[in-house]
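Protein chains get the first letters and strands the later ones, always in sequence-line order, with residue 1 at the start of each.
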2 protein chains.
Amino acid sequence: MSLPHAILTALLEKPSSGLELTRRFDRSIGYFWSATHQQIYRELGKLEAEGLIRVLPSEQPARGQKKAYEVLPAGRAELARWTAASHDPRPLRDAMLLRLRAAAVVGTDGIEPDLRRHLELHERQLAEYREIERRDFPPGRDSTEDRLRHLVLRAGIDLETFWTEWLRHALAEFTELPGQPGSAGPG
Amino acid sequence: MSLPHAILTALLEKPSSGLELTRRFDRSIGYFWSATHQQIYRELGKLEAEGLIRVLPSEQPARGQKKAYEVLPAGRAELARWTAASHDPRPLRDAMLLRLRAAAVVGTDGIEPDLRRHLELHERQLAEYREIERRDFPPGRDSTEDRLRHLVLRAGIDLETFWTEWLRHALAEFTELPGQPGSAGPG
DNA sequence: GATTCCATGTAAACTGTTACATGATTCC
DNA sequence: GGAATCATGTAACAGTTTACATGGAATC
């Protein structure tokens, strides 16, 4: 499981409080490993109990006060171990693909608006990634860290590019469809 | 929540027993919505209790005997409703991308073999999809159901193509790397 | 002092995974 | 009749999601 390692990575990049982490999981790290604030607080508690992170000594607050964490050597070692370990890729799970497969059986009625909406969402995400690329990875720079992070961003860009193209392709199929199959109802 | 709808789709395509469904979730439907036999049996029980499916009247067996299900009209209606309803796309969660982001901080030591292994796995999956395309979608055929199912298969092919290209790109970066960053250890 | 926002959390419900249990059938 | 396989499940746990709770700080 990867949430603790996502948090360790984020904290190594920059020590943060729970809410700051939550914000960064809404962009940046969250682009390929999302998490809610509830997950993050729970996991911070576990990681601290395991001695992988600690509260920054400068701030030792009460409930409701900001509390920032940093990674301890044991945490960095655990992250390095996990990064190098072998992990099987998780099988794909995509509801839109499932819905189209279902539509082949029960009919395509009503699905087109959501295809358009998804297309817009993916176009927006793609534009955001491109903007990050323009801003953070200007041509010429190539420290190793930059190259690795750029590689990850390229994956996001290429994936969103795939989805926008595929959704456009799907919508094109729809406008060509003669009648709606399967919409004759049960029986 | 999509597992019940994946099962309804599979049962509409062909009434099946739990084990037959499990087999089909290891290929076909499972290529974009995977499930284990435990999930499937639990969900079959729920769907039957809700009146969306029923045991085929021809076979009413005891424990350990094969038991095939079919979809009832209410089940078909629920699937059509779900297919047409609006759903937000789930955010991406990919451990390999996270690992590369972590590698930018803790170093790339040891990650290359698993990149190669993933490349092989994705190449194998891509070959399998292409074989299915060759077998099931010869040029010329285009009933609406076929076109929808082909569209879904194309998504699988394009996604695996993306991953193989991206992993090759990642490995190329690695062979060019001068020194291993971050591997100087904690501090 | 009421409302809103910041920040940290708890609880419960739901999903998914791993390990195990049980009966029926087939094959030697 | 013993072992392997088919087929259907149960139980326990881990991970995720949703709803709610609590306290402090800022603002009106």
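- Considering only residues two or more places apart in sequence or on other chains, B:Glu112 meets the salt bridge (charged side-chain N to carboxylate O under 4.0 Å, His left out) condition with B:Arg116.
- Along DNA chain D, the nucleotide nearest to A:Leu3 and the one nearest to B:Tyr69 differ in position, and the one closer to the 5' end is contacted by B:Tyr69.
- Using a 3.5 Å distance cut-off with no hydrogens or angles, the side chains of A:Glu128 and A:Tyr31 do pair a donor with an acceptor.
- Contact check, B:Lys66 against C:dT25: no side-chain N or O comes under 4.0 Å of OP1 or OP2.
- In this structure, A:His5 atom NE2 and D:dG15 atom P are separated by 11 Å, rounded to whole Å.
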* Asked: Between A:Arg93 and B:Arg90, does a side chain to side chain contact (heavy atoms under 4.5 Å, CB included) hold up when you go through it step by step?
  -> CA-CA 9 Å; A:Arg93 261 193 198 157; B:Arg90 291 239 172 159; over 6 Å; no
* **Residue pair A:Ile40, A:Leu44: steps toward the side chain to side chain contact (heavy atoms under 4.5 Å, CB included) verdict** => CA-CA 6 Å; A:Ile40 289 167; A:Leu44 284 172; 3.9 Å; yes
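- Residue pairs meeting the ring pair (Phe, Tyr, Trp, His ring centres under 6.0 Å) criterion with at least one member in residues 100-128 of chain A, sequence neighbours excluded: A:His122-A:Trp163.
- Here ring pair (Phe, Tyr, Trp, His ring centres under 6.0 Å) pairs that include residues 76-103 of chain B, with residues two or more places apart or in two chains, are B:His5-B:Trp82, B:Trp82-B:His87.
- In terms of phosphate contacts, A:Arg93 brings a side-chain nitrogen or oxygen within less than 4.0 Å of OP1 or OP2 of C:dG16.
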* Asked: Can A:Ser28 and B:Arg101 be said to form a side-chain hydrogen bond (donor to acceptor under 3.5 Å, both in side chains), step by step?
  -> CA-CA 10 Å; A:Ser28 191; B:Arg101 174 103 170 214; 2.7 Å; yes
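- Within a heavy-atom distance below 4.0 Å of DNA chain D, the residues of residues 9-40 of chain B found are B:Ser17, B:Gly18, B:Leu19, B:Arg23, B:His37, B:Gln38.
- Neither B:Phe162 nor B:Leu121 shares a network with the other; the hydrophobic side chains, linked directly or stepwise wherever heavy atoms of I, L, V, M, F, W or Y lie under 4.5 Å apart, form separate groups for each.
- Per the geometry, CZ belonging to A:Arg90 stands 11 Å off P belonging to C:dG16, to the nearest Å.
- Between B:Arg42 and the phosphate of D:dA11, there is no side-chain N or O to OP1/OP2 separation shorter than 4.0 Å.
- When the local axes at the two ends of the helix from C:dG1-D:dC28 to C:dC28-D:dG1 are compared, using 5 base pairs at each end, they differ in direction by 0° after rounding to 10°.
- The NZ atom of A:Lys46 sits 14 Å away from the C1' atom of C:dT10 (whole-angstrom rounding).
- Atom CG of A:Asp88 is separated from atom P of C:dT17 by 13 Å (rounded to the nearest Å).
- Regarding contacts with the backbone of D:dT8, a side-chain N or O of B:Tyr41 is found under 4.0 angstrom from either OP1 or OP2.
- The side chain to side chain contact (heavy atoms under 4.5 Å, CB included) check on B:Ala102 picks up A:Thr9, A:Leu79, A:Thr83, with sequence neighbours excluded.
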